[in-house]
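Everything quoted here is computed from the prediction, not taken from an experiment.
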Amino acid sequence: PTLYPIEEWTPDGEKVPKITFMLFQKEQVEKVKEIMPKALTMAGDKKPIVIYLPSCKEGLIGIIAGQLTEKYHCPSIVFTDSGMSGVLKGSGRSIDEIHLKNALDKVRDDIVGYGGHAGAAGLSIKKEMLSKFRDDFTKAVGDIPNIPEDIYYDLELNPYLAACTAEELRAFAPFGQGNPKILFHMTVDLTNGSYRVIGDGTHFMINLEQPMLTLMGFGLKDRYEADGKPKKIECVGYLSLSWYNDKATPQFQIIDYLAV
């Protein structure tokens, strides 16, 4: 019999054998992890979020925009350099309450080209128009609803099963419009965790050996320390695999938490 490799599609539209795709995903996860602290700092407290990340790969800007939208509950557009001189390529994500394509329709004069739907869009603008686009887009979006006080999660996560659960999640990728990421609820003991501040000093990371798990608190460092670095927390967030030196470790991105 003739054996054919199982193929997948990359975010850049390239069809590759599955083993290559798995390596591509691994590389993506590490690069997003590297860039997110900078993206969070640039986002600040302005809503909606419109930021420019020079030299960031086009295949990553949609992922970063999605994470910003999830964290701050507002439309987010991330731009990077395109292959054309003086032109920026952007990718946007939005919340259920705000139709992203309709908002872009109102600022079409600032845009070279665009397309999308309620929750996601792609666009290009002239670099010199970035500041004007940000102001006009903010007006077009209008009032942004507050972050809901109640958080509804999808599944309960046993921290001791995080590694195998993260591996199983790969079968449901890619996540996006119509296939949102799974929001987990977990109670975890951090007594033996290794805590450190990362990025610009507003984020933290806790490494656990038993169970093997890394927790990331983007933008939560001040709150966590003000709470006295609780040793046990109940939290909601997203699970993924983080790769380092060809070793995969389950990583949990905390969206919110309570000390218990």
Open item on the list: Are there over 12 heavy-atom neighbours, none belonging to K47, within less than 6.0 Å of that residue's NZ?
Closed with: yes
- [ ] Starting from V197, walk the hydrophobic network (Ile, Leu, Val, Met, Phe, Trp, Tyr; side-chain heavy atoms closer than 4.5 Å) and list everyone else you reach, by chain and number.
- [x] L155, L157, L169, I182, F184, M186, V188, L190, Y195, F204, I206, L208, L213, L215, L220, Y224, I233, L239, F252, I254, Y257
Task: Summary of salt bridge (charged side-chain N to carboxylate O under 4.0 Å, His left out) pairs that have at least one residue in residues 66-79, sequence neighbours excluded - done: E70-K181
Task: T69 side chain vs H73 backbone, donor-acceptor pair below 3.5 Å - done: no
Task: Side-chain heavy-atom pair L68, V78 within 4.5 angstrom cut-off - done: yes
Task: Test applied, side chain to side chain contact (heavy atoms under 4.5 Å, CB included); reference residue, L123; option that passes from L88, L100, I111 - done: I111
Task: Summary of salt bridge (charged side-chain N to carboxylate O under 4.0 Å, His left out) pairs that have at least one residue in residues 248-260, sequence neighbours excluded - done: R223-D256
Task: Connected hydrophobic set around M129, excluding itself, where side chains approach under 4.5 Å - done: none
Task: Heavy atoms of other groups near E156 CD, more than 12 under 6.0 Å - done: yes
Open item on the list: Taking side chain to side chain contact (heavy atoms under 4.5 Å, CB included) as the criterion, tell me which of M42, K38, M36 meets it with L40.
Closed with: M36
TODO: Hydrophobic side-chain clustering at under 4.5 Å (ILVMFWY, transitive links): who's grouped with M84? Put none if nobody.
DONE: V87
Task: Backbone N/O of L53 and side chain of T80: donor-acceptor pair under 3.5 Å - done: yes
Open item on the list: By the ring pair (Phe, Tyr, Trp, His ring centres under 6.0 Å) test, which pairs, at least two apart or in different chains, include something from residues 128-170?
Closed with: F79-F133, F133-F137, Y153-H185
